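Before I ask anything, let me first share the structure, which is written out below as structure tokens.
Since the model is a prediction, treat every value here as computed from it, not as a measurement. In this chain, residues are counted from 1 in sequence order. Order of listing sets the numbers, starting from 1, for every ligand and every atom in it.
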Amino acid sequence: MTLNVAVQMDPIARINIRGDSTFALLLEAQKRGHGLSYYTPDKLSLVGDELVAPVQLLTVRDEPGNHFTLGEPRREPLNAFDVILLRQDPPFDLAYITSTHFLERLQPRTLVVNDPVAVRNAPEKLFVMDFPHLMPPTLISRDLDEINAFRDAHGPVVMKPLHGFGGAAVFRVMPQDMNFGSLFDMFSVTFKEPWVIQRFLPEVKKGDKRIILVDGEFAGAVNRVPAADDLRSNMVRGGAATATELTDREREICTTIGPALRERGLIFVGIDVIDDYLTEINVTSPTGIRAVAKLGGPDVAAKIWDVIESKRASKKA
Ligand SMILES: Nc1ncnc2c1ncn2[C@@H]1O[C@H](COP(=O)(O)OP(=O)(O)O)[C@@H](O)[C@H]1O
Ligand SMILES: [Mg+2]
């Protein structure tokens, strides 16, 4: 079975193909003979009840500097596609939310991966609060009294914006930290939404594990160790990817949350685990496929396409 696939992503000219999971998905799709078309999120138009975009045929090559060829734009209704890959990167803002409202209209005729309704309803640091028993103690608030009470109870904490990504504005705050007052003021002005205040996990120095789940099942993992002088393990912040195995507790985390992911049509999900504590469930545009493969792990892209193909096959049958 070959599928007619369109990818909604940020400009393909700018990606780093060595680390980009979307690119890994595109290479695998092409290898399987699926047709690939491309558009960026700003090109979506809702014309009456029809969602259209000037899509371009896409060919990909695993060669840095020469990784893609695009055809001429042609205006297409998006429900002409079997599959839309929603691979738009955060920020998870109103533009992103609008995208999910647009794409929702294509279902069920077109399979959108991940399901845009679920993506909209599962902001990564909020959805995870459905599983408090798997998490470090966590508060989501911008109320000073509430934050101070939490700090009194838990000692050192991490403070980070609720819809932050890529390690931006993640701070450790110590008890009696003299910077806290200013940090509070700065967060108040900078971030309109409440913030995440979370018990600081010192074992982060050993790494923050990215575990990939495909259709609710474990599919691969990579550990990311922060640079010596940084709290943040994000690879964009200099975190080093290393090979890893799952602990028993991590397996338990996967089996606990797996059904909730599968139920919601969250086919490709990346969770973050520090010291056996779940901190994030990434559903917008998770990464890690290429890092897992490079370290000798499983072929996550192949698993994702196996799932998409079987979902399409059962729909058509
Ligand atoms: N509770 C915590 N304890 C220790 N380190 C943390 C904690 N929360 C976040 N970090 C560090 O900050 C990094 C980024 O935080 P994260 O919550 O994953 O947000 P982002 O969405 O920006 O990746 C993590 O990879 C980790 O290195
Ligand atoms: Mg993270």
- Query: Side chain, backbone, both or neither: which part of V170 has a heavy atom under 4.0 Å from ligand 1?
  - Reply: side chain
- Task: For D208, take its heavy atoms, then give the atoms of ligand 1 lying under 4.0 Å from any of them.
- Result: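 With D208 as reference, the close atoms of ligand 1 come out as 24 (C), 25 (O), 26 (C).
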- Which atoms of ligand 1 have any heavy atom of F200 under 4.0 Å away?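 Result: 3 (N), 4 (C).
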- Measure from the Mg ion (ligand 2) to every N/O/S atom of E280 and report the name of the nearest one. OE1
- When you look for heavy atoms under 4.0 Å from ligand 1, do you find them on the side chain of R172, its backbone, both, or neither? neither
- Message: Which of the numbered atoms in ligand 1 are under 4.0 angstrom from any heavy atom belonging to V204?
- Response: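 Listed by number with element, the hits are 4 (C), 5 (N), 26 (C), 27 (O).
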- Go through ligand 1 atom by atom and flag the ones less than 4.0 Å from a non-hydrogen atom of D272. 18 (O)
- Message: Looking at F180, I'd like to know if the NZ or CZ of R151 sits under 6.0 Å from its six-membered ring centre while staying within 45 degrees of the ring's axis.
- Response: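 Yes, R151 and F180 form such a contact.
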- Item | Distance filter under 4.0 Å to K160 heavy atoms, resulting ligand 1 atoms | 8 (N), 9 (C), 17 (O)
- Task: Determine, for D272 against K125, whether the closest basic-nitrogen to carboxylate-oxygen distance falls under 4.0 angstrom.
- Result: no
- Can we say E309 and R312 salt-bridge, meaning some charged N sits less than 4.0 Å from an Asp/Glu carboxylate O?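 Between R312 and E309 there is no salt bridge, as every charged N stays at least 4.0 Å from the carboxylate O atoms.
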- Aromatic ring pairing H163/F92, orientation class (parallel under 30°, perpendicular over 60°, tilted between):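 Ring orientation, 0 to 90° scale: tilted.
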- Message: Suppose we call two aromatic rings close when their centres sit under 6.0 Å apart. Are F268 and W305 close by that rule?
- Response: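 No, the ring centres sit 6.0 Å or more apart.
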- Message: Strictly below 4.0 Å, N to O, side chains only: are D306 and R32 in salt-bridge contact?
- Response: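 Judged by the 4.0 Å cut-off on N to carboxylate O distance, D306 and R32 do form a salt bridge.
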- Got an N/O contact under 3.5 Å between T279 and ligand 1?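 Between T279 and ligand 1 (N or O atoms, distance only) the closest approach is not under 3.5 Å.
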- T69 and R61: side-chain donor and acceptor closer than 3.5 Å? yes
- Under 4.0 Å, heavy atoms only, figure out whether ligand 1 is touched by the backbone of L231, its side chain, both or neither.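 The answer is both, backbone and side chain.
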- Message: Looking only at the side chains, is there a donor atom on one of Q8 and S99 sitting less than 3.5 Å from an acceptor on the other?
- Response: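 A donor-acceptor contact under 3.5 Å links the two side chains.
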- Item | Numbered atoms of ligand 1 (with element) below 4.0 Å of K125, judged on heavy atoms |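 So the answer, numbered in order with elements, is 17 (O), 19 (O), 20 (P), 21 (O).
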- With the Mg ion (ligand 2) as the reference point, give the N/O/S atom of D272 that is nearest.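 Atom name returned: OD2.
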